[in-house]
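Let me give you the structure first, and then I'll get to my questions.
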Amino acid sequence: MLTPIDSAVLRDLKQGNVVAFNILVATFESPLFRFFYCRDGNWHLAEELTAETFAQLVTSLPGMRGGTDQLRAYVFSTARHVRSRYHRQSPPQHTSIDSTVELSWSGETPSDKITQSETVTQLLRAVSQLDSNVRMVILLRYVEGFSIRELAESLDLPTGTIKSHLHRGKCRLKEILQEMGCEL
Amino acid sequence: MSLEDNELPTEPSDESIRELLAPLLELQPSLEKQTEIRQLVATRLTESADKQTSSSTVRNLTARTLAALACTLLTGIGIGWMLRGMDHRIDDVTTTKSNDPASEKREADTNESENILIVAADDPQPSYYVTETYLCGVGTLSSNSGHIFQEKKQ
């Protein structure tokens, strides 16, 4: 779950304060990384896009309208634009999440976390079978704890569509997990 | 139709989905990348601050240059206007003299003896004169010019 940023930190962020930006990075680096990784399935690209999103936020945050309630949606909306811009310049390659996760986790995870790594790989395999928009709605809602309104603002989708994606995603995820032999 | 066919697919509860996906929270960028991100942000912030400072300096310089140019222009216009006003006053005096019948008569009378427009008697060259009427903001209304010859008195 994300740590909320209060209005004083937000004011400092808009003034370009380094300490405030360190708080922003600490709060959002993992959620943004998961957003990109679950979307494209490319570990290195996800890291690059996360860094690029923060670089973009340095420029754009001083002009942000709204308070702390809008910050999370603003950050993820920026992330979505950064990803779109990247893929306009270099079209996405179809990478399988499975192989990337195994590669990424094999070198960086300690041996006592292998089981956990396998669980994550299994989960990602299941989630990757969802439609990309449905997948993002499910992940942002149930992993990052977004509200319906935040989802609508971040993904630029109507709330009705978000609710429909949520329902469809949960049912589909249940089916996928049953096919994989897991019970929900 | 069986009872099972009529049942809508039941969606799992939000809590169970949340618990199921919780291990995904372990996904995070490598420590090296986390350090890189912080360095990148610090660099961008410094660049942004420098850019803001330089752009404000340029803005100040531009404003001062523009103000100086405006002052020069206004001074120039003022001086030009003053000089033009002086010309008008001289021309007005001349026009009054040439248009006034009384003064014409006086001139004619004087011509017989001494004319103010006539050059000195010992000047061998004929005198040239121009009379113009200006109206402020419009320009020349009428113009009259000619040579004045002086009869040599025997």
Side-chain angles (χ1 to χ4, degrees), chain A residues 1 16-18 21-22 24-26 29-34 36-38 43-44 46-48 50-59 62 101 104-105 107-109 113 116-117 119-120 122-124 126-127 138-139 141-145 166-175 177 182 184, chain B residues 1-70:
Chain A
M1 214 43 82
N17 184 296
V18 183
F21 264 92
N22 281 338
L24 183 84
V25 171
E29 65 185 344
S30 297
L32 281 174
F33 172 76
R34 285 191 286 271
F36 290 122
Y37 183 64
C38 293
W43 190 278
H44 296 292
E47 285 184 332
E48 289 305 317
T50 304
E52 185 51 37
T53 303
F54 284 114
Q56 181 64 43
L57 284 169
V58 169
T59 321
V101 166
S104 308
W105 282 77
E108 294 175 19
T109 313
K113 283 197 173 180
Q116 199 174 6
S117 169
T119 312
V120 171
Q122 283 278 93
L123 273 174
L124 284 171
V127 165
I138 290 286
L139 287 168
R141 174 75 169 165
Y142 296 111
V143 180
E144 312 301 345
L166 277 173
H167 174 74
R168 201 161 2 124
K170 282 196 282 185
C171 294
R172 180 78 187 110
L173 195 61
K174 186 183 175 185
E175 283 173 15
L177 288 169
C182 305
L184 200 64
Chain B
M1 201 178 276
S2 68
L3 191 66
E4 280 182 10
D5 291 336
N6 288 331
E7 282 177 359
L8 286 168
T10 52
E11 60 173 44
S13 71
D14 287 359
E15 204 47 51
S16 61
I17 296 273
R18 219 167 264 137
E19 275 175 28
L20 175 85
L21 297 177
L24 290 181
L25 286 167
E26 295 294 321
L27 280 173
Q28 51 188 8
S30 61
L31 286 173
E32 287 169 21
K33 198 67 196 177
Q34 289 180 16
T35 316
E36 261 180 51
I37 289 171
R38 278 159 182 77
Q39 283 172 352
L40 175 76
V41 168
T43 312
R44 290 291 173 97
L45 280 170
T46 315
E47 284 173 3
S48 173
D50 288 348
K51 207 181 283 178
Q52 276 180 355
T53 313
S54 63
S55 68
S56 68
T57 311
V58 168
R59 251 200 314 272
N60 281 343
L61 274 176
T62 313
R64 283 176 192 172
T65 312
L66 281 175
L69 275 174

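Please read these numbers as outputs of a predicted model, since none were measured by experiment. In what follows, chains are A, B, ... by sequence order, proteins preceding strands, each numbered from 1. Note that these values count all heavy atoms, side chains included, but never hydrogens, waters or copies made by symmetry.
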Legend entry - chain A interface, residue from B/Arg44, B/Glu47, B/Lys33 that has the most non-hydrogen pairs under 4.5 Å: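 Top option by heavy-atom pairs under 4.5 Å: B/Lys33.
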
Legend entry - A/Ala26, part contacting chain B, at a heavy-atom distance under 4.5 Å: both

Inset, instruction - Indicate yes or no: at least one non-hydrogen side-chain atom of A/Val127 is less than 4.5 angstrom from one of B/Leu21. - result: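 In short, these two side chains touch, coming nearer than 4.5 Å.
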
Legend entry - Heavy-atom donor-acceptor pair, A/Glu47 side chain to B/Ser30 backbone, under 3.5 Å: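 Side chain of A/Glu47 to backbone of B/Ser30, a donor-acceptor pair under 3.5 Å: yes, one is there.
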
Inset, instruction - Kindly determine whether A/Lys170 and B/Asp14 satisfy side chain to side chain contact (heavy atoms under 4.5 Å, CB included), including the steps that lead there. - result: CA-CA 8 Å; A/Lys170 282 196 282 185; B/Asp14 287 359; 2.5 Å; yes

Inset, instruction - Under 4.5 Å heavy-atom distance to chain A, tell me which part of B/Leu24 shows up: side chain, backbone, both or neither. - result: both

Legend entry - Separation of A/Tyr142 OH from B/Arg18 CZ (nearest 0.5 Å): 6.5 Å

Legend entry - Heavy-atom closest pair, residues B/Leu27 and A/Arg34: O-NH1, 3.0 Å

Legend entry - Between CG on residue B/Leu40 and OG1 on residue A/Thr50, distance to nearest 0.5 Å: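 So the CG of B/Leu40 and the OG1 of A/Thr50 are separated by 11.5 Å.
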
Legend entry - Close side-chain approach of A/Thr59 and B/Ser48, heavy atoms under 4.5 Å: no

Inset, instruction - Check each atom of B/Gln34 against the heavy atoms of chain A and say whether the ones under 4.5 Å are side chain, backbone, both or neither. - result: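 Contact with chain A is through both the backbone and side chain of B/Gln34.
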
Inset, instruction - For the residue pair B/Leu20 and A/Leu173, establish whether any side-chain heavy-atom pair is separated by less than 4.5 Å. - result: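 Yes. Closest side-chain heavy atoms under 4.5 Å.
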
Legend entry - Shortest non-hydrogen contact between B/Leu45 and A/Gly16, atoms and distance: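 Looking at all heavy atoms of both residues, the closest pair is CD2-O, 3.5 Å.
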
